[in-house]
Amino acid sequence: MNKELLRNYYHRFCRWQQAVPHYANRHEGDVQHCYNCDNDFSGNFCPICGQRAEVGRVGWKSIKDNVAILWGMDSRSLGYTLLQLLGRPGYLVRDYISGRRQVSFPPVKMLVIVCLFVVIVESVFHVKNDVIGLKFDIQEVDDIIAWINSQKSWATLFLQCFYILPTWLVFRYAPGYPRHTLPEGFFLQVFMSVLSLLSTLFIGYWNDDLDLALWIIYMYITYRQLFGYGWWGTLWRLAVLLQMAVTTMLVAGAIVEYVYDNNDICDALLSILIVLTPAVLLTAVILYVTHRINKRTYRNNKEKLSNL
(Lines give C-alpha, C1' and ligand atoms only; values in the text may rest on other atoms or scores of the structure.)
Protein backbone atom coordinates (compact mmCIF):
# COMPACT_ATOMS: atom_id res chain seq x y z
CA MET A 1 0.00 0.00 0.00
CA ASN A 2 1.59 3.30 -1.09
CA LYS A 3 2.01 6.36 1.09
CA GLU A 4 -0.42 8.48 -0.93
CA LEU A 5 -3.25 6.01 -0.35
CA LEU A 6 -2.49 5.87 3.36
CA ARG A 7 -2.44 9.67 3.50
CA ASN A 8 -5.84 9.82 1.81
CA TYR A 9 -7.30 7.32 4.29
CA TYR A 10 -5.87 9.34 7.17
CA HIS A 11 -7.34 12.62 5.87
CA ARG A 12 -10.74 10.95 5.40
CA PHE A 13 -10.56 9.65 8.96
CA CYS A 14 -9.72 13.14 10.26
CA ARG A 15 -12.65 14.64 8.33
CA TRP A 16 -14.94 11.99 9.82
CA GLN A 17 -13.69 12.83 13.33
CA GLN A 18 -14.36 16.55 12.96
CA ALA A 19 -17.63 16.29 11.01
CA VAL A 20 -20.62 18.21 12.38
CA PRO A 21 -23.79 16.07 12.73
CA HIS A 22 -26.42 16.66 10.04
CA TYR A 23 -30.12 15.89 10.42
CA ALA A 24 -32.44 15.57 7.44
CA ASN A 25 -36.07 16.68 7.56
CA ARG A 26 -37.77 13.61 6.11
CA HIS A 27 -41.22 15.25 6.19
CA GLU A 28 -40.37 18.71 4.86
CA GLY A 29 -43.41 20.27 3.21
CA ASP A 30 -45.79 17.53 4.45
CA VAL A 31 -48.45 18.28 7.04
CA GLN A 32 -48.39 15.68 9.84
CA HIS A 33 -50.98 15.04 12.54
CA CYS A 34 -49.88 14.36 16.11
CA TYR A 35 -52.04 11.68 17.74
CA ASN A 36 -50.79 12.70 21.17
CA CYS A 37 -51.84 16.39 21.29
CA ASP A 38 -53.91 16.70 18.06
CA ASN A 39 -51.56 19.31 16.64
CA ASP A 40 -50.90 19.62 12.89
CA PHE A 41 -47.26 20.32 12.07
CA SER A 42 -44.50 19.97 9.46
CA GLY A 43 -41.28 18.17 10.32
CA ASN A 44 -39.97 15.04 12.01
CA PHE A 45 -41.32 15.84 15.50
CA CYS A 46 -44.34 17.61 16.94
CA PRO A 47 -43.20 21.05 18.25
CA ILE A 48 -45.78 20.92 21.08
CA CYS A 49 -45.17 17.53 22.73
CA GLY A 50 -42.13 16.16 20.85
CA GLN A 51 -43.74 12.97 19.54
CA ARG A 52 -42.39 11.50 16.30
CA ALA A 53 -44.20 12.12 13.05
CA GLU A 54 -44.26 8.39 12.22
CA VAL A 55 -46.23 7.41 15.34
CA GLY A 56 -49.59 5.86 14.52
CA ARG A 57 -51.49 2.76 15.58
CA VAL A 58 -49.67 0.08 17.54
CA GLY A 59 -48.24 -2.67 15.33
CA TRP A 60 -45.34 -5.08 15.12
CA LYS A 61 -42.98 -2.18 14.44
CA SER A 62 -44.05 -0.62 17.77
CA ILE A 63 -42.90 -3.75 19.62
CA LYS A 64 -39.56 -3.71 17.81
CA ASP A 65 -39.03 0.02 18.48
CA ASN A 66 -39.80 -0.30 22.20
CA VAL A 67 -37.42 -3.24 22.62
CA ALA A 68 -34.75 -1.31 20.69
CA ILE A 69 -35.19 1.74 22.95
CA LEU A 70 -34.82 -0.46 26.06
CA TRP A 71 -31.39 -1.71 24.90
CA GLY A 72 -30.18 1.53 23.39
CA MET A 73 -30.71 0.64 19.74
CA ASP A 74 -33.06 3.46 18.75
CA SER A 75 -32.16 6.62 16.82
CA ARG A 76 -29.33 7.44 19.25
CA SER A 77 -27.88 3.95 19.01
CA LEU A 78 -25.66 2.71 21.82
CA GLY A 79 -23.45 0.88 19.33
CA TYR A 80 -23.08 3.98 17.15
CA THR A 81 -22.18 6.12 20.18
CA LEU A 82 -19.58 3.61 21.37
CA LEU A 83 -18.05 3.61 17.89
CA GLN A 84 -17.93 7.41 17.99
CA LEU A 85 -16.42 7.31 21.47
CA LEU A 86 -13.65 4.97 20.37
CA GLY A 87 -12.92 6.81 17.10
CA ARG A 88 -13.43 10.49 18.01
CA PRO A 89 -13.77 10.72 21.81
CA GLY A 90 -12.89 14.39 22.30
CA TYR A 91 -15.06 15.63 19.42
CA LEU A 92 -18.02 13.55 20.64
CA VAL A 93 -17.70 14.99 24.16
CA ARG A 94 -17.44 18.52 22.75
CA ASP A 95 -20.57 17.98 20.63
CA TYR A 96 -22.49 16.75 23.67
CA ILE A 97 -21.48 19.38 26.22
CA SER A 98 -21.84 22.23 23.70
CA GLY A 99 -25.54 21.42 23.21
CA ARG A 100 -25.73 18.72 20.52
CA ARG A 101 -27.41 16.17 22.81
CA GLN A 102 -28.91 14.08 20.02
CA VAL A 103 -25.48 12.99 18.74
CA SER A 104 -24.99 10.68 21.70
CA PHE A 105 -26.78 7.96 23.58
CA PRO A 106 -27.50 9.32 27.12
CA PRO A 107 -24.06 9.03 28.77
CA VAL A 108 -25.09 7.97 32.30
CA LYS A 109 -27.45 5.33 30.90
CA MET A 110 -24.66 4.21 28.56
CA LEU A 111 -22.30 3.82 31.54
CA VAL A 112 -24.79 1.57 33.37
CA ILE A 113 -25.46 -0.62 30.29
CA VAL A 114 -21.74 -1.03 29.49
CA CYS A 115 -21.06 -1.91 33.13
CA LEU A 116 -23.86 -4.49 33.04
CA PHE A 117 -22.26 -6.06 29.97
CA VAL A 118 -18.87 -6.09 31.74
CA VAL A 119 -20.41 -7.88 34.75
CA ILE A 120 -22.00 -10.47 32.43
CA VAL A 121 -18.64 -11.08 30.72
CA GLU A 122 -16.98 -11.55 34.12
CA SER A 123 -19.66 -14.03 35.20
CA VAL A 124 -19.57 -16.07 31.99
CA PHE A 125 -15.80 -16.23 31.50
CA HIS A 126 -14.88 -16.20 35.23
CA VAL A 127 -12.51 -13.25 34.88
CA LYS A 128 -12.15 -10.31 37.21
CA ASN A 129 -10.64 -6.85 37.12
CA ASP A 130 -11.17 -4.79 40.27
CA VAL A 131 -11.67 -1.05 40.16
CA ILE A 132 -9.40 -0.81 43.22
CA GLY A 133 -6.95 -3.69 43.58
CA LEU A 134 -5.41 -2.61 46.91
CA LYS A 135 -5.57 -4.34 50.30
CA PHE A 136 -5.00 -2.41 53.54
CA ASP A 137 -5.38 -5.24 56.10
CA ILE A 138 -7.97 -3.09 57.85
CA GLN A 139 -11.33 -4.81 57.87
CA GLU A 140 -13.46 -1.68 57.51
CA VAL A 141 -11.37 -0.28 54.65
CA ASP A 142 -11.23 -3.64 52.84
CA ASP A 143 -15.03 -3.94 53.17
CA ILE A 144 -15.43 -0.52 51.53
CA ILE A 145 -13.08 -1.54 48.70
CA ALA A 146 -14.97 -4.84 48.21
CA TRP A 147 -18.26 -2.92 47.94
CA ILE A 148 -16.69 -0.46 45.47
CA ASN A 149 -15.46 -3.35 43.30
CA SER A 150 -18.98 -4.82 43.29
CA GLN A 151 -20.40 -1.53 41.92
CA LYS A 152 -18.21 -1.06 38.86
CA SER A 153 -20.12 1.65 37.05
CA TRP A 154 -20.57 3.99 40.00
CA ALA A 155 -17.13 3.18 41.44
CA THR A 156 -15.45 3.95 38.12
CA LEU A 157 -17.39 7.21 37.88
CA PHE A 158 -16.50 8.04 41.50
CA LEU A 159 -12.78 7.67 40.80
CA GLN A 160 -13.10 9.64 37.58
CA CYS A 161 -14.72 12.47 39.54
CA PHE A 162 -11.30 13.15 41.06
CA TYR A 163 -10.37 14.53 37.61
CA ILE A 164 -13.24 17.06 37.40
CA LEU A 165 -11.72 19.88 39.44
CA PRO A 166 -8.15 19.46 38.09
CA THR A 167 -9.53 19.45 34.53
CA TRP A 168 -11.41 22.68 35.17
CA LEU A 169 -8.37 24.33 36.77
CA VAL A 170 -5.88 23.24 34.11
CA PHE A 171 -7.96 23.45 30.90
CA ARG A 172 -10.46 26.28 31.53
CA TYR A 173 -8.56 28.67 29.22
CA ALA A 174 -8.26 26.12 26.42
CA PRO A 175 -8.50 27.52 22.86
CA GLY A 176 -10.74 24.71 21.62
CA TYR A 177 -13.31 24.97 24.42
CA PRO A 178 -12.63 27.98 26.70
CA ARG A 179 -16.03 27.93 28.44
CA HIS A 180 -15.42 24.64 30.26
CA THR A 181 -17.42 24.33 33.52
CA LEU A 182 -17.55 21.86 36.40
CA PRO A 183 -20.92 20.31 35.34
CA GLU A 184 -19.49 19.79 31.84
CA GLY A 185 -16.50 18.18 33.54
CA PHE A 186 -18.86 15.68 35.16
CA PHE A 187 -20.22 14.55 31.79
CA LEU A 188 -16.69 14.45 30.39
CA GLN A 189 -15.76 12.00 33.15
CA VAL A 190 -18.91 9.92 32.50
CA PHE A 191 -17.69 9.41 28.93
CA MET A 192 -14.19 8.69 30.24
CA SER A 193 -15.66 6.11 32.64
CA VAL A 194 -17.25 4.32 29.68
CA LEU A 195 -13.88 4.35 27.91
CA SER A 196 -12.26 2.94 31.06
CA LEU A 197 -14.75 0.06 31.17
CA LEU A 198 -14.26 -0.63 27.45
CA SER A 199 -10.50 -0.69 27.97
CA THR A 200 -10.97 -3.17 30.82
CA LEU A 201 -13.28 -5.26 28.67
CA PHE A 202 -10.87 -5.56 25.73
CA ILE A 203 -7.48 -5.58 27.47
CA GLY A 204 -7.69 -5.24 31.26
CA TYR A 205 -8.52 -8.87 31.98
CA TRP A 206 -5.35 -10.03 30.25
CA ASN A 207 -2.75 -7.30 30.80
CA ASP A 208 -3.11 -4.54 33.42
CA ASP A 209 -0.04 -2.61 32.25
CA LEU A 210 -1.27 -2.48 28.65
CA ASP A 211 -4.70 -1.49 29.91
CA LEU A 212 -3.21 1.44 31.85
CA ALA A 213 -1.11 2.51 28.84
CA LEU A 214 -4.16 2.42 26.54
CA TRP A 215 -6.17 4.40 29.09
CA ILE A 216 -3.54 7.18 29.27
CA ILE A 217 -3.31 7.30 25.45
CA TYR A 218 -7.10 7.64 25.17
CA MET A 219 -7.08 10.31 27.85
CA TYR A 220 -4.48 12.24 25.88
CA ILE A 221 -6.44 11.90 22.61
CA THR A 222 -9.71 12.95 24.26
CA TYR A 223 -8.27 16.02 25.96
CA ARG A 224 -6.40 17.11 22.85
CA GLN A 225 -9.47 16.82 20.61
CA LEU A 226 -11.75 18.48 23.16
CA PHE A 227 -9.59 21.40 24.30
CA GLY A 228 -7.60 22.10 21.14
CA TYR A 229 -4.03 22.34 22.48
CA GLY A 230 -1.10 20.95 20.48
CA TRP A 231 0.58 17.67 21.31
CA TRP A 232 3.08 19.21 23.77
CA GLY A 233 0.57 21.63 25.35
CA THR A 234 -1.84 18.75 25.95
CA LEU A 235 0.90 16.43 27.22
CA TRP A 236 2.27 18.62 30.00
CA ARG A 237 -1.16 19.81 31.07
CA LEU A 238 -2.36 16.21 31.24
CA ALA A 239 0.69 15.34 33.36
CA VAL A 240 -0.22 18.19 35.77
CA LEU A 241 -3.84 17.02 35.86
CA LEU A 242 -2.84 13.43 36.64
CA GLN A 243 -0.46 14.58 39.36
CA MET A 244 -3.21 16.65 41.00
CA ALA A 245 -5.78 13.85 40.77
CA VAL A 246 -3.41 11.21 42.16
CA THR A 247 -2.44 13.52 45.04
CA THR A 248 -6.12 14.04 45.87
CA MET A 249 -6.71 10.28 45.82
CA LEU A 250 -3.71 9.74 48.10
CA VAL A 251 -5.02 12.35 50.53
CA ALA A 252 -8.46 10.72 50.57
CA GLY A 253 -6.97 7.23 50.97
CA ALA A 254 -4.63 8.36 53.73
CA ILE A 255 -7.49 9.99 55.63
CA VAL A 256 -9.58 6.81 55.46
CA GLU A 257 -6.68 4.57 56.46
CA TYR A 258 -5.49 6.74 59.36
CA VAL A 259 -8.99 7.32 60.70
CA TYR A 260 -9.71 3.58 60.79
CA ASP A 261 -6.21 2.61 61.94
CA ASN A 262 -5.89 5.18 64.73
CA ASN A 263 -8.25 5.75 67.61
CA ASP A 264 -7.06 9.32 68.09
CA ILE A 265 -8.41 11.47 65.25
CA CYS A 266 -6.03 14.33 66.08
CA ASP A 267 -2.97 12.07 65.79
CA ALA A 268 -4.32 10.73 62.50
CA LEU A 269 -4.79 14.21 61.03
CA LEU A 270 -1.33 15.28 62.26
CA SER A 271 0.25 12.26 60.54
CA ILE A 272 -1.62 13.07 57.35
CA LEU A 273 -0.37 16.67 57.39
CA ILE A 274 3.24 15.58 57.95
CA VAL A 275 3.19 12.98 55.17
CA LEU A 276 1.17 14.79 52.52
CA THR A 277 2.01 18.48 53.04
CA PRO A 278 4.96 18.39 50.56
CA ALA A 279 2.76 16.80 47.89
CA VAL A 280 -0.01 19.36 48.47
CA LEU A 281 2.45 22.28 48.34
CA LEU A 282 3.99 20.91 45.14
CA THR A 283 0.52 20.63 43.63
CA ALA A 284 -0.27 24.23 44.60
CA VAL A 285 2.94 25.53 43.01
CA ILE A 286 2.34 23.53 39.80
CA LEU A 287 -1.26 24.75 39.69
CA TYR A 288 -0.23 28.39 40.09
CA VAL A 289 2.37 28.16 37.33
CA THR A 290 -0.10 26.35 35.06
CA HIS A 291 -2.76 28.98 35.74
CA ARG A 292 -0.40 31.81 34.79
CA ILE A 293 0.69 30.05 31.59
CA ASN A 294 -2.89 29.20 30.60
CA LYS A 295 -4.14 32.73 31.24
CA ARG A 296 -1.31 34.31 29.25
CA THR A 297 -1.84 31.86 26.37
CA TYR A 298 -5.58 32.57 26.38
CA ARG A 299 -4.97 36.34 26.36
CA ASN A 300 -2.49 36.07 23.47
CA ASN A 301 -4.89 33.93 21.42
CA LYS A 302 -7.69 36.40 22.09
CA GLU A 303 -5.52 39.31 20.92
CA LYS A 304 -4.56 37.44 17.74
CA LEU A 305 -8.22 36.77 16.92
CA SER A 306 -9.16 40.41 17.53
CA ASN A 307 -6.42 41.56 15.12
CA LEU A 308 -7.66 39.37 12.27
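Keep in mind the model is a prediction, meaning the values are calculated, not measured.
Note that R237 lies in the cation-pi zone of Y229, set by a 6.0 Å cut-off to the ring centre and a 45° limit from the axis.
Contact between M219 and M192 at its shortest, heavy atoms only, is CG-CE, 3.6 Å. Of all heavy-atom pairs between F41 and N39, the closest is CD2-O, 3.6 Å. Between I113 and L78 the shortest heavy-atom distance is CG2-CD2, 3.6 Å. Contact detail for P107 and V194: the closest heavy-atom pair is O-CG2, 4.5 Å. Taking each heavy atom of Q160 and S193 in turn, the nearest pair found is CG-OG, 3.1 Å. Between E184 and Y177, the closest heavy-atom pair is OE2-OH, 3.0 Å.
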In sequence, state the C-alpha distance, the side-chain angles, and the governing distance for Y9 and H11, and then conclude on ring pair (Phe, Tyr, Trp, His ring centres under 6.0 Å). CA-CA 6 Å; Y9 280 129; H11 290 318; over 10 Å; no
Could you go step by step and tell me if F191 and T222 meet the side-chain contact (heavy atoms from CB on, under 4.5 Å) rule? CA-CA 10 Å; F191 281 107; T222 303; over 6 Å; no
In sequence, state the C-alpha distance, the side-chain angles, and the governing distance for L116 and V112, and then conclude on side-chain contact (heavy atoms from CB on, under 4.5 Å). CA-CA 6 Å; L116 176 62; V112 174; 5.6 Å; no
One pair to check against side-chain contact (heavy atoms from CB on, under 4.5 Å): T81 and V103. What are the steps and the verdict? CA-CA 8 Å; T81 302; V103 303; over 6 Å; no
Worked verdict on L188 versus I97 for side-chain contact (heavy atoms from CB on, under 4.5 Å): CA-CA 8 Å; L188 166 61; I97 64 178; 5.7 Å; no
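A distance of 9.0 Å separates OH in Y220 from CG in L238, rounded to the nearest 0.5 Å. Taken to the nearest 0.5 Å, the CG atom of L195 stands 9.5 Å off from the CD1 atom of I221. One finds the CZ atom of F117 at 10.0 Å from the CG atom of L198 (value rounded to the nearest 0.5 Å). Taken from CG in D211 to CG in L201, the straight-line distance is 10.5 Å, to the nearest 0.5 Å. Atoms CZ and SG, from R12 and C14 in turn, are 12.0 Å apart once rounded to the nearest 0.5 Å. To the nearest 0.5 angstrom, T200 atom OG1 is 10.5 Å from F202 atom CZ.
Aromatic ring centroids of H180 and F227 lie under 6.0 Å apart.
V119 and L159 fall into different hydrophobic clusters, where Ile, Leu, Val, Met, Phe, Trp and Tyr residues are linked whenever their side-chain heavy atoms come under 4.5 Å apart, directly or through other members. M244 and L242 fall within a single hydrophobic cluster, where Ile, Leu, Val, Met, Phe, Trp and Tyr side chains are chained together by heavy-atom contacts under 4.5 Å. Linking Ile, Leu, Val, Met, Phe, Trp and Tyr whenever their side-chain heavy atoms come within less than 4.5 Å puts L212 and Y163 in one cluster.
Considering only residues two or more places apart in sequence or on other chains, N8 meets the side chain to side chain contact (heavy atoms under 4.5 Å, CB included) condition with E4. Contacts of L214 classified as side chain to side chain contact (heavy atoms under 4.5 Å, CB included), with partners at least two apart in sequence or in another chain: S199, I203, Y218. Remark: F13 pairs with W16 by the ring pair (Phe, Tyr, Trp, His ring centres under 6.0 Å) rule, at least two apart or across chains. Scanning for ring pair (Phe, Tyr, Trp, His ring centres under 6.0 Å) contacts around F162 gives F158, with sequence neighbours left out. Taking the ring pair (Phe, Tyr, Trp, His ring centres under 6.0 Å) definition, one finds that F187 meets it with Y96, sequence neighbours left out.
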For residues 83-93, tabulate all N or O donor-acceptor pairs below 3.5 Å that involve a side-chain atom, not counting sequence neighbours.
from: Q84; atom 1: OE1; to: R88; atom 2: NH1; distance (Å): 2.7
from: Q84; atom 1: NE2; to: Y80; atom 2: OH; distance (Å): 3.2
from: R88; atom 1: NE; to: Q17; atom 2: O; distance (Å): 2.5
from: R88; atom 1: NH2; to: Q17; atom 2: O; distance (Å): 2.9
from: R88; atom 1: NH2; to: D95; atom 2: OD2; distance (Å): 3.1

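The main-chain N or O of T181 is never found under 3.5 Å from a side-chain atom of R172 such that the two would form a donor-acceptor pair.
For W206, the CH2 atom counts as densely surrounded, since its 6.0 Å shell holds more than 12 non-hydrogen atoms of other residues, nucleotides or ligands.
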